[in-house]
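Below is one structure, written out as structure tokens; the observations come after it.
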Amino acid sequence: MKELTYIEDFLIQQFQDDLINWFEKEQRDLPWRADQDPYKVWVSEIMLQQTRVDTVIPYFNNFIAQFPSIEALAHADEEKVLKAWEGLGYYSRVRNLQSAVKEVHESYGGIVPNTPSEISKLKGIGPYTTGSILSIAYGIPEPAVDGNVMRVLSRILSIWDDIAKPKTRKVFEVIIREIISKENPSFFNQGLMELGAIVCTPTSPSCLLCPVREHCKSYMEGTQAELPVKTKKNSTKEVPIVVGVLVTNDNKILIHKRPDSGLLARLWEFPNVEVLTDVKTPKVVLQEFIKDSYHTTAHIEELLGAFQHVFSHLTWNMTVYEGRIENEITENERVKLVSIEELSQYAFSVSHQKIWKQFQEKMGSQLLS
DNA sequence: AAGACGTGGGC
DNA sequence: TGCCCAAGTCT
């Protein structure tokens with residue numbers, strides 16, 4: 001295997017010892033490190049996907065307090081689960097997590113499986129999460145190759161493959177299988193990630209503080225700032241959206257649940273529609289949308305504001321109006337009229353939370369509950 | 001393989 | 001301000 005030419009003169013045993021000793025001494029005190037409960041390891045690994053540690057900590061504590069076990073999450077109301085994830089992003093993660101937890105509860109007697117083939121069949125568990133759960137919760141020497149690991153190893157071994165390419169992950173998995181500690185795969189994998197998080201950072205790595213500096217080829221060559229090679233993605237598309245915060249005569253707010261798949265699936269939001277024309281004004285587009293969707297006439301009062309919301313792959317250019325509607329809307333699974341207090345029980349995306357905040361600031365005391 | 005899928009922080 | 005990033009997975 002040509003990948004292994006990277007480690008022909010690599011001191012594996014000494015590298016493992018240096019890395020693991022450093023991790024034992026310097027690891028951060030994080031809530032998911034209190035024990036190795038496979039369920040908690042699992043929840044933390046899902047939350048940490050593409051998400052910063054500091055962001056995850058309060059979500060993790062709250063989530064485990066509400067859903068402390070496989071059984072608790074398996075039986076939980078999806079609405080409450082989504083609410084516990086509100087603001088974390090990538091919401092399909094939590095729907096897949098609950099779905100997989102139900103599968104473990106029903107098909108594995110509530111025990112997280114400990115083989116790569118079984119665990120990787122669960123929804124939301126890909127190659128990285130398979131390796132992280134198996135190594136951290138069960139001490140099984142499987143590679144857990146994430147962005148940190150690719151960055152750290154590309155520097156240590158001077159690997160110039162583009163880490164943005166899907167196939168590059170496999171190169172690192174082959175190498176990890178050769179160099180992973182069979183005695184302590186948990187600390188080996190976590191050590192590599194921790195090193196990437198606090199020492200071998202994307203920009204300006206702290207090489208002088210690095211416990212494995214003497215093993216690092218790019219440090220020897222002075223190329224650590226050029227690695228890893230990572231091609232960048234395309235810029236995002238802009239989508240104009242018009243939104244209405246609509247209040248009934250008895251001060252209820254109209255909210256709408258998003259579809260079961262796609263962007264922000266199953267989250268709640270204020271009525272909105274993409275503005276596909278530049279002939280009609282956003283206000284007119286909104287009025288027609290409300291008439292078609294809810295069979296009621298809205299009296300759009302004034303502009304609440306206009307702002308941008310940037311996602312990873314697109315940007316919403318939002319125009320937000322406030323308005324009044326007659327109290328004759330038929331509620332159903334996806335359309336509800338809620339009081340101000342009730343509204344806080346529903347999970348909203350951040351963009352619509354911002355809208356609600358603006359609305360409350362503007363309306364202030366006018367809306368008494 | 002490449003694009004969908006969120007958000008907040010750092011420079 | 002704008003761009004890149006942060007413990008990926010699914011289609």
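Throughout, protein chains are lettered first and strands after them, A, B, ... in sequence-line order, and every chain is numbered starting at 1. The analysis underlying the following values was restricted to heavy atoms, covering all of them including side chains, and did not include hydrogens, waters or symmetry mates.
Rounded to whole Å, the distance from CD on A:Gln50 to C1' on B:dC5 is 10 Å. The distance between atom CH2 of A:Trp85 and atom C1' of B:dC5, rounded to the nearest whole Å, is 13 Å. Per the geometry, CH2 belonging to A:Trp42 stands 14 Å off C1' belonging to C:dT9, to the nearest Å. The CG atom of A:Leu48 sits 15 Å away from the C1' atom of C:dC5 (whole-angstrom rounding). Taking atom CZ of A:Arg93 as the reference point, atom C1' of C:dA6 lies 10 Å away to the nearest angstrom. Between the P atom of B:dG6 and the CH2 atom of A:Trp316 lies a distance of 9 Å, rounded to the nearest Å.
In this structure, A:Asn114 has no side-chain hydrogen bond (donor to acceptor under 3.5 Å, both in side chains) partners at least two apart in sequence or on a different chain. For A:Thr115, the side-chain hydrogen bond (donor to acceptor under 3.5 Å, both in side chains) partners two or more places apart in sequence, or in a different chain, are A:Glu118.
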Quick one: which protein N/O atoms are closer than 3.5 Å to N/O atoms of nucleotides 8-11 of chain B? Pair and distance per line, please.
residue, atom, partner, partner atom, Å
B:dG8, N2, A:Arg52, NH1, 2.2

Protein and nucleotides 1-3 of chain C: nitrogen or oxygen contacts under 3.5 angstrom:
none

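Comment: A:Arg169 engages A:Glu173 in a salt bridge, judged by a side-chain N to carboxylate O separation of less than 4.0 angstrom. A salt bridge is absent between A:Glu342 and A:Lys336: the closest approach of a Lys/Arg side-chain nitrogen to an acidic carboxylate oxygen does not fall below 4.0 angstrom. The pair A:Glu142-A:Arg177 counts as a salt bridge, with a side-chain nitrogen and a carboxylate oxygen less than 4.0 angstrom apart. Between A:Lys280 and A:Glu288 there is a salt bridge, with a side-chain nitrogen of the basic residue lying less than 4.0 Å from a carboxylate oxygen of the acidic one.
Distances shorter than 4.0 Å separate some side-chain N or O of A:Arg151 from OP1 or OP2 on C:dA6. Close to B:dG3, at under 4.0 Å from its OP1 or OP2, lies no side-chain N or O of A:Lys237. Contact check, A:Tyr91 against B:dT7: a side-chain N or O comes under 4.0 Å of OP1 or OP2. Using a 4.0 Å cut-off, no side-chain N or O of A:His313 falls inside it from OP1 or OP2 of B:dA4.
Sorted by first then second residue, the salt bridge (Lys or Arg N to Asp or Glu O under 4.0 Å) pairs that include residues 10-26 of chain A, not counting sequence neighbours, number zero. Sorted by first and then second residue, the salt bridge (Lys or Arg N to Asp or Glu O under 4.0 Å) pairs with a member in residues 83-92 of chain A read A:Lys83-A:Glu86; sequence neighbours excluded.
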Using atom types as modelled, flag every donor-acceptor pair under 3.5 Å from a side chain in residues 88-100 of chain A to any protein atom, sequence neighbours excluded.
residue, atom, partner, partner atom, Å
A:Tyr91, OH, A:Gly87, N, 3.1
A:Arg93, NE, A:Tyr90, O, 3.2
A:Arg93, NH1, A:Ile46, O, 3.0
A:Arg93, NH1, A:Met47, O, 3.0
A:Arg93, NH1, A:Gln49, O, 2.9
A:Arg93, NH1, A:Thr51, OG1, 3.2
A:Arg93, NH2, A:Leu88, O, 3.3
A:Arg93, NH2, A:Gly89, O, 2.9
A:Asn96, ND2, A:Ser92, O, 3.2
A:Gln98, NE2, A:Leu73, O, 3.0
A:Gln98, NE2, A:Ala76, O, 2.9
A:Ser99, OG, A:Lys123, NZ, 3.4

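Toward the 5' end of DNA chain C, the nearer of the two residues A:Asn96 and A:Ser44, judged by each one's closest nucleotide, is A:Ser44.
For DNA chain C, the residues of residues 179-200 of chain A within the heavy-atom distance limit of 4.0 Å (strictly under) are A:Met193, sorted by number. Remark: A:Gly262, A:Leu263, A:Leu264 in residues 257-274 of chain A come within less than 4.0 Å of DNA chain B through at least one heavy atom. Contacts with DNA chain C (heavy atom under 4.0 Å) in residues 24-36 of chain A: A:Arg28, A:Leu30, A:Trp32, A:Arg33, listed by number. Of the residues in residues 113-130 of chain A, those placing a heavy atom less than 4.0 Å from an atom of DNA chain C are A:Lys123, A:Gly124, A:Ile125, A:Gly126, A:Pro127, A:Tyr128, A:Thr129, in numerical order.
Other cluster members for A:Val273: A:Val242, A:Leu246, A:Leu254, A:Val275, A:Val285, A:Leu286, A:Phe289, A:Ile290, A:Tyr294, A:Ile300, A:Leu303, A:Tyr321, A:Ile325, A:Ile329, A:Val335, A:Leu337, joined by side-chain heavy-atom distances under 4.5 Å among Ile, Leu, Val, Met, Phe, Trp and Tyr.
One donor-acceptor pair, N or O on each side, does fall under 3.5 Å between the base of B:dG6 and the side chain of A:Thr51.
The closest side-chain donor-acceptor pair between A:Thr231 and A:Asp162 falls under 3.5 angstrom.
With a 6.0 Å radius and a threshold of 12 heavy atoms from other residues, nucleotides or ligands, A:Glu79 has its CD atom above the threshold.
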